[in-house]
2 protein chains.
Amino acid sequence: MHYEPDTLFFTQLSRFQRLYARSLAARLAPLGVHSGYLGVLHYLWQRDGITQKTLHELMPVEQATLSNTLKRMERDGLIARTPDPDDKRAHVITLTPRANALKPQVMQAIGDLRAAVNTGLTVNDRRYFRRIMRQMTESLETDQEDAPVLLLDEVGP
Amino acid sequence: MHYEPDTLFFTQLSRFQRLYARSLAARLAPLGVHSGYLGVLHYLWQRDGITQKTLHELMPVEQATLSNTLKRMERDGLIARTPDPDDKRAHVITLTPRANALKPQVMQAIGDLRAAVNTGLTVNDRRYFRRIMRQMTESLETDQEDAPVLLLDEVGP
DNA sequence: TGGCGCTATATAGCCTGCTATCAACAAGGG
DNA sequence: CCCTTGTTGATAGCAGGCTATATAGCGCCA
């Protein structure tokens, strides 16, 4: 009875995520969209003209990551950043016409991939999978809160 | 009835994978091990002294990725590369004593994390999850084989 | 009002992955 | 024996993540 299941769970998970990203990339490439842009597009399609800060509050990536992603999206002509009249530190992010026009094709690509990945699975399988993934995600969030805060001595005078 | 489930499956999956990697990193950092090293360590602990090519055949990453990972592991004193006597292009990769000594702690870290992630899940949940993940992974592999090979005209003289 | 601390964003530097390409060596055929 | 073709590994350059830190502007309070 093997204790170590030959390939690590982490390895399989990473591989799965990378395969997913690659299939997505294959479908999005002709549109000039990268997988990292998806989250931004998703929220801006719902609510255009917000600041980076607001967008950041909606998305599960760090501020620096978002900043870099927005830079590439600007370079690729998907968003524009105009100064926020109310706060000179901030910029209002808006989608370009091109980005707006892309929505149906991007949605189609996502749907296509979803269908491909779901072949052979029941509705129940999918729900169950998402439920377990959500629960594991919560456990990981907790795990990181419980992080070793240590080094709290040495605060001396 | 929402068709679009608020956050994209891909986004959730990526986030889950990143959280997993981060929790792993938190446990491995004190050992001087990065998450990308795990696969290499895993296989070399089983079978030390193989070439990069052999290792590559075992691992689900591209050759260039492996090459870079090995470079960082060498820099960090975990592996050594000695010339292969049978083939002057190749190097034999061996673990350093430090890397060998690290095995119990790394295994412990992996086990700890596994336990943390599995809290609240039944054995059945875990098995089911892995099964669905494996099946989705296979669907994605198929998806990429079916890739648009296109551009096969224009070969003419 | 002048300065200090907080906040919005950008940048530097790293890890991990990818594709494309190159250099060096191996192996076989003519 | 040499020359072509294949194979092993390294490198360049990019995407997308991260932490840490810098910069600029906002706001408040003394």
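Side chains included, hydrogens not; waters and symmetry mates left out as well; all remaining heavy atoms used. Each chain gets a letter, A, B and so on, in the order the sequences are listed, and its residues count up from 1.
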Partner set under salt bridge (charged side-chain N to carboxylate O under 4.0 Å, His left out) for B:Asp84, not counting sequence neighbours: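 B:Asp84 satisfies salt bridge (charged side-chain N to carboxylate O under 4.0 Å, His left out) with no other residue.
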So [X], base contact, sugar-phosphate only, or nothing? Heavy-atom distance under 4.0 Å.
{"X": "A:Arg81", "value": "sugar-phosphate"}
{"X": "A:Ala64", "value": "base"}
{"X": "B:His56", "value": "nothing"}
{"X": "A:Asp84", "value": "nothing"}

To the nearest Å, how far apart are B:Gln52 CD and C:dA24 P?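 Nearest whole value for this atom pair: 17 Å.
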If I take atom CZ in residue B:Arg89 and atom C1' in nucleotide C:dC22, what distance separates them, rounded to the nearest angstrom?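 For the pair B:Arg89 CZ and C:dC22 C1', the rounded distance is 15 Å.
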Is the CZ atom of A:Arg75 crowded by more than 12 outside heavy atoms at less than 6.0 Å?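 More than 12 heavy atoms, drawn from other residues, nucleotides or ligands, come within 6.0 Å of this atom.
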Nearest-0.5 Å distance that lies between atom CG in A:Leu19 and atom CZ in A:Phe16: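 Here the rounded value is 8.5 Å.
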Angle of first-five versus last-five pair axes in the helix from C:dT1-D:dA30 to C:dG30-D:dC1, to 10 degrees: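 For the helix from C:dT1-D:dA30 to C:dG30-D:dC1, the axes at either end differ by 30°.
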For a 4.0 angstrom threshold against heavy atoms of chain B, report the outermost contacting nucleotides of DNA chain D in 5' to 3' order.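 The footprint of chain B covers D:dG6 to D:dT19.
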Is a donor from one side chain sitting under 3.5 angstrom from an acceptor on the other, for B:Thr11 and B:Ser14?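 Per modelled atom types, B:Thr11 and B:Ser14 side chains form no pair under 3.5 Å.
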Regarding B:Gln12 and A:Thr137, do their side chains bring together a donor and an acceptor under 3.5 Å, going by distance alone?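 There is no such pair (donor and acceptor under 3.5 Å, judged by atom type) between the side chains of B:Gln12 and A:Thr137.
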In terms of the nearest nucleotide of DNA chain C, which residue is placed more toward the 5' end: B:Asp86 or A:Thr54?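 Closer to the 5' end of DNA chain C: A:Thr54.
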Sequence neighbours left out, cut at 3.5 Å: what donor-acceptor pairs do the side chains of residues 58-73 of chain B make with other protein atoms?
{"unit_1": "B:Gln63", "atom_1": "NE2", "unit_2": "B:Gln52", "atom_2": "OE1", "d": "3.4"}
{"unit_1": "B:Asn68", "atom_1": "ND2", "unit_2": "B:Ala64", "atom_2": "O", "d": "3.3"}
{"unit_1": "B:Thr69", "atom_1": "OG1", "unit_2": "B:Thr65", "atom_2": "O", "d": "2.9"}

Any protein N or O atoms within reach of nucleotides 13-17 of chain C? Criterion: under 3.5 Å, listing atom names and distances.
{"unit_1": "C:dC15", "atom_1": "OP1", "unit_2": "B:Arg75", "atom_2": "NH2", "d": "2.9"}
{"unit_1": "C:dT16", "atom_1": "OP1", "unit_2": "B:Ser35", "atom_2": "N", "d": "3.3"}
{"unit_1": "C:dT16", "atom_1": "OP1", "unit_2": "B:Gly36", "atom_2": "N", "d": "2.8"}
{"unit_1": "C:dT16", "atom_1": "OP2", "unit_2": "B:Arg72", "atom_2": "NE", "d": "3.0"}
{"unit_1": "C:dT16", "atom_1": "OP2", "unit_2": "B:Arg72", "atom_2": "NH2", "d": "2.6"}
{"unit_1": "C:dG17", "atom_1": "O3'", "unit_2": "A:Arg18", "atom_2": "NE", "d": "3.2"}

Which pair of non-hydrogen atoms, one from B:Ala99 and one from B:Leu41, has the smallest distance, and what is that distance?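 Closest approach of B:Ala99 to B:Leu41: CB-CD2, 4.3 Å.
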Scan residues 18-39 of chain A for pairs that pass salt bridge (Lys or Arg N to Asp or Glu O under 4.0 Å), counting only residues two or more places apart or in two chains.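 Counting only pairs at least two positions apart or across chains, the salt bridge (Lys or Arg N to Asp or Glu O under 4.0 Å) contacts touching residues 18-39 of chain A are A:Arg27-B:Asp143.
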Given the rule in the side chain to side chain donor-acceptor pair (under 3.5 Å) test, do A:Thr142 and A:Ser139 qualify, once you have shown the distances and angles that lead to the verdict? CA-CA 5 Å; A:Thr142 307; A:Ser139 297; 5.9 Å; no
Keeping the roles fixed (side chain from A:Ser35, backbone from A:Ala25), state whether a donor-acceptor pair exists under 3.5 Å.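 No; zero donor-acceptor contacts below 3.5 Å.
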Verify, without hydrogens or angle tests, whether B:Asp125 (side chain) and B:Thr122 (backbone) share a donor-acceptor contact under 3.5 angstrom.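 Yes; at least one donor-acceptor contact below 3.5 Å.
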